[in-house]
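The structure appears right after this line, and notes come after that.
Labels below follow one simple rule: chain letters A, B, ... track the order of the sequence lines, proteins then strands, and each chain is numbered from 1. Note that the structure is a prediction, hence the values are computed from the model and not measured.
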Amino acid sequence: MARHLVTSALPYANGPIHFGHVTGAYLPADLHVRALRQRGEEVLYVCGADEHGVAITIGAEKDKVPYPEYVARWRDEIKQTFDAFDIRFDVWSGTSICPEHAATSQEFFRVLDGKGYLQVKQTEQLYCEHDRMFLADRYIVGTCHECGHEEARGDECPKCGQWLDPLRMPKTACKVCGNAPVRRSTTHWYLDLPKLRDEGLGRWFADHAWKPNVRAFVGNMLEDLQPRPITRDMGWGVPVPVDLARGESGKVLYVWFDAPIGYISFTKEWARSQGRPDEWRRWWQDAGTRLVHFIGKDNIPFHCVVFPAMLFGMGEPWILPTDVPANEFYNLQGGKFSTSKGWTVPVAEFMGKFDAQATRFHLAASMPENSDSEWRFEDFQTTNNSLLADVVGNLAQRVLRFLEKNFDGRVPEVPAHLVEELDRAILEECGAFGDPIEELLQTRFRRAAEVFIQNGRVANVYIDRLAPWALKKTDPVRCGAVLATACEWLVWMARWMAPFMPKKAQALWEQLGLAGRADEVMAQAMPSMGAWRTLTAGAKLGTPIGLFPKIEDAAIAAEIEALKARART
RNA sequence: GGCGGUGUAGCUCAGGGGUUAGAGCAGUGGCUUCAUAAGCCACGUGUCGGGGGUUCAAAUCCCUCCACCGCUACCA
């Protein structure tokens, strides 16, 4: 049994997150973590906001609020979204507030420098005197040096598609203020990625199992690797250690250098809060830890090359990622999610009208695991109505209501002579069932959702075959035994449901009259003949209430209309 | 431009060199009535994007073409 250190990409604290982020990097991690816990594994789930970088300074200045206030606002807003989705981290922090973050980041810089993995280079860059900052390529607009297009961005020309060098562009302007930037020389530190690759990172990557999208992308990247600058000229970020700055001032670590270190500093923060400040080493410096990063595909270069290179460069005993199950992108109703264009689903508003638990399930069932996928309101309705309500919710209802009406709301007895027959009936004769928890452990989320529903079908088939309503008059004892067996299956349904929809699972658990929690550690992985029943005959059941209310067509139509209306304004 | 992905039943997708290509949803017919007009059973259709090649055999491998999409790391 390994220790599992699970991370989700640190959300950038300059805007809200949407369903795409949730299903890309957070929900899968949460599902994986819950499945691990249910199997009794030791898990730590780490996340927090990424709060440095030039985009944040620009955003804050635009809003006329101090940087710390700006990031705090988004940090809290984003956290509320996670809370709404029942995504539960063991630690949630932020790179600008975590007390351990700056020192940890500087330690990385110091060690990598000491080991010769950093290079110092002087280059010319465009500098905006008005905004007093060096301009990243995307903050430059100007004339394309290839085709003469006048509104090219500094990194790429939208017209001819050429990759641009801002220093060669005949005419440029700062995208923020519109003024013409000047050339200015500056010094920066570069992470020597080719050297790290050649000294072992390349082998590490080659020897590892990866999702196909990750392998293809990184494999290419490793062939043509350049040293990468890891410092910037700005006042917001982790400062380059003074004693290593070679007399330079105003240098901070590049946001992508310090952001992944957040996983480590947040772990330290968590350890300290537990009263065991050294505990973090067990998670980051012990080969028994399995480190898994959940990210969207846009983060692949950083989590599969840059950050591993940094960890590798730190040397023993630091561990490297075990797996990076990157997802593709999630679209919305035929288009890309775009907060600025209004093509998005405001989470708080949505949660006021629809069920967060069912939403989790639908996001899992439509997750962009192997290719881009999308949220469609009609599909959400189908998942909720035809799968969750009809197959699973109604299953619980038909069993529990029957017992409520005819058996005083108690678990009937299963006479010894019927146990084997009924075990065989439901476990062997009503169709194949699978283990959703195992699928979640294997990070096959769509499959997990599918298997869960299939397991509900098995019990529906069982009930139809055994027809307890017919037995009611002819053989009440057998009727009770049939239903008690169905109840046992519902106990398993609640367990299987727990990672996907923890609150619904708990509700079902209580309807079954059970104390404790539906997500408690499972004593065995799957039901098996003669060894899967846990209920006590005569135990009082809870009150059956429909778990999944149907969603009306009109509600879906209204959402689609509202989405279109938002996009127009 | 480079790299990569996708293209399989009306829809969403799974599968992946070898018996008659699968699931769910939607549709049709039947059964049932415990249940959220729920459940169960049965049924249909597919040139597996086009073309070429390898092979005893390809949806599955190779080449090419077409369509759509993503990424292209000094913006997170």
Provide, to the nearest angstrom, the distance between the [atom1] atom belonging to [X] and the [atom2] atom belonging to [N].
X	N	atom1	atom2	value
A:Ile453	B:rG24	CD1	C1'	10 Å
A:Lys251	B:rC74	NZ	C1'	13 Å
A:Asn331	B:rG70	CG	C1'	10 Å
A:Phe257	B:rC75	CZ	C1'	19 Å

Legend entry - Distance flag, aromatic centroids of A:Phe82 and A:Phe89, threshold under 6.0 Å: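 Judged by ring-centre distance (under 6.0 Å), A:Phe89 and A:Phe82 do meet the cut-off.
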Legend entry - Distance flag, aromatic centroids of A:Trp489 and A:Tyr462, threshold under 6.0 Å: no
Span that lies between the [atom1] atom of [M] and that of [N], in whole angstrom:
N	M	atom1	result
B:rU6	B:rC13	C1'	12 Å
B:rC11	B:rU45	C1'	14 Å
B:rG7	B:rU47	P	16 Å
B:rA59	B:rG1	P	31 Å

Inset, instruction - Sort by first number and list every stem of RNA chain B: at least 3 consecutive Watson-Crick or G-U wobble pairs, both distances under 3.5 Å. - result: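 When the pairs of RNA chain B are grouped into runs of at least three, the stems are B:1-7 with B:66-72, B:10-13 with B:22-25, B:27-31 with B:39-43, B:49-53 with B:61-65.
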Legend entry - Test side-chain contact (heavy atoms from CB on, under 4.5 Å) applied to A:Arg132 - qualifying residues, sequence neighbours left out: A:Tyr127
Legend entry - Pairing residues for A:Asp131 by the side-chain contact (heavy atoms from CB on, under 4.5 Å) criterion, not counting sequence neighbours: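 For A:Asp131, the residues satisfying side-chain contact (heavy atoms from CB on, under 4.5 Å) (neighbours in sequence not counted) are A:Cys128, A:Met133, A:Cys174, A:Val176, A:Cys177.
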Legend entry - Contacts of type ring pair (Phe, Tyr, Trp, His ring centres under 6.0 Å), residue A:His293, not counting sequence neighbours: A:Tyr263, A:His303, A:Phe307
Under a 4.0 Å N-O cut-off, is there an ion pair linking [X] with [Y]?
X	Y	result
A:Arg228	A:Asp192	no
A:Arg75	A:Glu51	yes
A:Arg457	A:Asp464	no
A:Lys353	A:Glu559	yes
A:Lys550	A:Glu552	no

Using a heavy-atom cut-off of 4.0 Å across all strands, would you classify [X] as base, sugar-phosphate, or nothing?
X	result
A:Lys336	sugar-phosphate
A:Asn385	nothing
A:Leu225	base

Inset, instruction - Consider only side-chain N and O atoms of A:Asp553 and A:Gln381, and report whether a donor and an acceptor are under 3.5 Å apart. - result: yes
Legend entry - Modelled atom types, side-chain donor and acceptor of A:Thr187 and A:Glu248, under 3.5 Å: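 Looking only at side-chain atoms, A:Glu248 and A:Thr187 do form a donor-acceptor pair, the distance falling under 3.5 Å.
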Inset, instruction - Measure from the side-chain heavy atoms of A:Phe217 and tell me the nearest of B:rC71, B:rA73, B:rC25. - result: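 Looking only at side-chain atoms, A:Phe217 lies closest to B:rC71.
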Legend entry - 5′-ward residue of the pair A:Leu135/A:Asp298 relative to RNA chain B: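 Going by which nucleotide is closer to the 5' end, it is A:Asp298.
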Inset, instruction - Produce a footprint string for nucleotides 32-45 of chain B: one letter per nucleotide, 5' end first; B if the base is under 4.0 Å from any protein heavy atom, S if only the sugar-phosphate is, - if neither. - result: SSBBB-SBSS----
Legend entry - Contact state string [nucleotides 10-15 of chain B, B base, S sugar-phosphate only, - no protein heavy atom under 4.0 Å]: ------
